[in-house]
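As the structure lists them, so they are numbered: ligands from 1, and atoms in each ligand from 1. Quick caveat: nothing in here was measured; it's all calculated off a predicted structure.
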Amino acid sequence: MFYFNGKEEITLDSDNIPKHIAIIMDGNGRWAKKRLLPRKAGHKAGADALEGIIDACKKIGVKHLTVYAFSTENWKRSQEEIDGIMDLLRSYVKKYTERAKKDDVKMDAIGDITRLDLDIQESIKNLTEATKDKDTLNLHIALNYGGRDEIRRCVKKICEDVESGKILSSDIDESIISKNLDTSDIPDPELVIRTSGEERISNFLLWQIAYSEFYFSDKLWPDFKEEDLFEAVYKYQNRNRRFGGR
Ligand code: IPE
Ligand code: IPE
Ligand code: MG
């Protein structure tokens, strides 16, 4: 398969496309600042950029795309910014629900969405229901998501299962932990991408990234295009994954 990476033609090996790509969509605020626009305009441009990346993932056959949209730490931001992000979320969830009939993307949320406004929780449930039979790409949107909070909730669920006698503490193995995370039905991401030049995890998918490959881009998220995704997959395909072996 030949693709353009912004500079030249590259060949992607169709047998080695990551099944799961996870993206930390960072840099919306700086994108807006550079244009003397309010931060909300950056988040809007970021949501638009995501649409292009969804299409790019479909083109190359990625099965799962998880995107970090709002972290458990993002509540520290100004109420004005949080309200702006939640408004955008409302309108995008609505837009995707209306498009659900003709689109082939299955969507759900990971993270503790019970902290979001009730109407947003409802509309996310509707969107999940409306797209549950789609099978081209699974889009998982991380909302009020934090890797540590996810592990905390997972430990709580497992303790409850031990207390109720459903399992014994000696039964607890890695697969029980994986199954009690928000990502229970999703394979671990082979590739994690972060934009905006920051090279950190910021509490994203802590358990699941044990053996992920990382790709850091200096582009701000609203500027991250299809060709950048292809380049990230190209770099991924040229890495040597060893998983602790030789
Ligand atoms: C990422 O962009 C989106 C969210 C965290 C909601 P930022 O808003 O963090 O953008 P910068 O890092 O300030 O540029
Ligand atoms: C991570 O970005 C969270 C999302 C992209 C939603 P942040 O901008 O919140 O992370 P830090 O503050 O740079 O670590
Ligand atoms: Mg940021």
For ligand 2, the portion of Phe70 having any non-hydrogen atom under 4.0 Å away: backbone
Salt bridge or not for Lys225 and Glu227, using N-O below 4.0 Å? no
To check your reading of the model: name the closest protein heavy atom to atom 2 (O) of ligand 2, its residue, and the distance in Å. Arg194 NH2, 3.6 Å
Got an N/O contact under 3.5 Å between Asn74 and ligand 1? no
Please check if the number of heavy atoms outside Arg241 that lie under 6.0 Å from its CZ is greater than 12. yes
Apply side chain to side chain contact (heavy atoms under 4.5 Å, CB included) to Leu205 and Tyr145, showing your working. CA-CA 9 Å; Leu205 302 177; Tyr145 176 87; 3.7 Å; yes
Any non-hydrogen protein atom less than 4.0 Å away from atom 14 (O) of ligand 2: yes
Could you verify whether a donor N or O on one side chain and an acceptor N or O on the other, from Arg194 and Ser202, lie under 3.5 Å apart? yes
Looking at atom 1 (C) of ligand 1, what's its closest protein heavy atom, distance included? Met25 O, 3.1 Å
Is Glu198 in contact with ligand 1, taking contact as a heavy-atom separation below 4.0 Å? no
If I apply the N/O under 3.5 Å rule, does Trp31 come out as touching ligand 1? no
Side-chain touch Phe204/Ile201, heavy atoms, less than 4.5 angstrom: yes
Should the pair Arg153-Asp149 be classified as a salt bridge under the 4.0 Å nitrogen-to-oxygen rule? yes
Looking at side-chain heavy atoms only, is the closest gap between Ile24 and Ile193 below 4.5 Å? no
Can you tell me which residue and heavy atom of the protein come closest to atom 6 (C) of ligand 1, and the distance to 0.1 Å? Ala69 O, 3.3 Å
Electrostatic pair Glu98-Lys95, nearest N-O below 4.0 angstrom: no
Taking the six-membered ring of Trp207, is NZ or CZ of Arg148 closer than 6.0 Å to its centre and within 45° of its axis? no
I want to confirm something. Looking only at heavy atoms, which of Asp26, Ile24, Val67 is nearest to atom 8 (O) of ligand 2? Asp26
Just need the protein heavy atom nearest to atom 11 (P) of ligand 2, so name the residue and atom and give the distance. Ser202 OG, 3.6 Å
Distance to 0.1 Å, residue and atom name: give those for the protein heavy atom nearest to atom 10 (O) of ligand 1. Gly29 N, 2.9 Å
If we set the cut-off at 4.0 Å for heavy atoms, which region of Arg77 has an atom near ligand 1: side chain, backbone, both, or neither? side chain
Under 4.0 Å, counting heavy atoms only: does His43 come that close to any atom of ligand 2? no
For Ile85, the ligand 1 atoms with a heavy-atom partner under 4.0 Å come out as 6 (C)
For the Mg ion (ligand 3), the closest N/O/S atom belonging to Asp26: OD1
Salt-bridge contact Arg239-Glu190 (side-chain N to carboxylate O under 4.0 Å): no
Would you check whether Ser196 reaches within less than 4.0 Å of ligand 1, judged by its heavy atoms? no
Flag side-chain contact, heavy atom, 4.5 Å: Thr131 against Asp108: no
What part of Lys76, side chain, backbone, both or neither, has a heavy atom within less than 4.0 angstrom of ligand 2? neither
Under 4.0 Å from any heavy atom of Arg200, which atoms of ligand 2 are there? 11 (P), 13 (O), 14 (O)
Heavy-atom contacts with Arg30 under 4.0 Å: which atoms of ligand 1 show up? List them by number with element. 11 (P), 12 (O), 14 (O)
Please state whether the separation between the Mg ion (ligand 3) and some N/O/S atom of Glu198 is under 2.8 Å? no
Does Arg35 make a cation-pi contact with Trp31 (under 6.0 Å, within 45 degrees of the axis)? yes
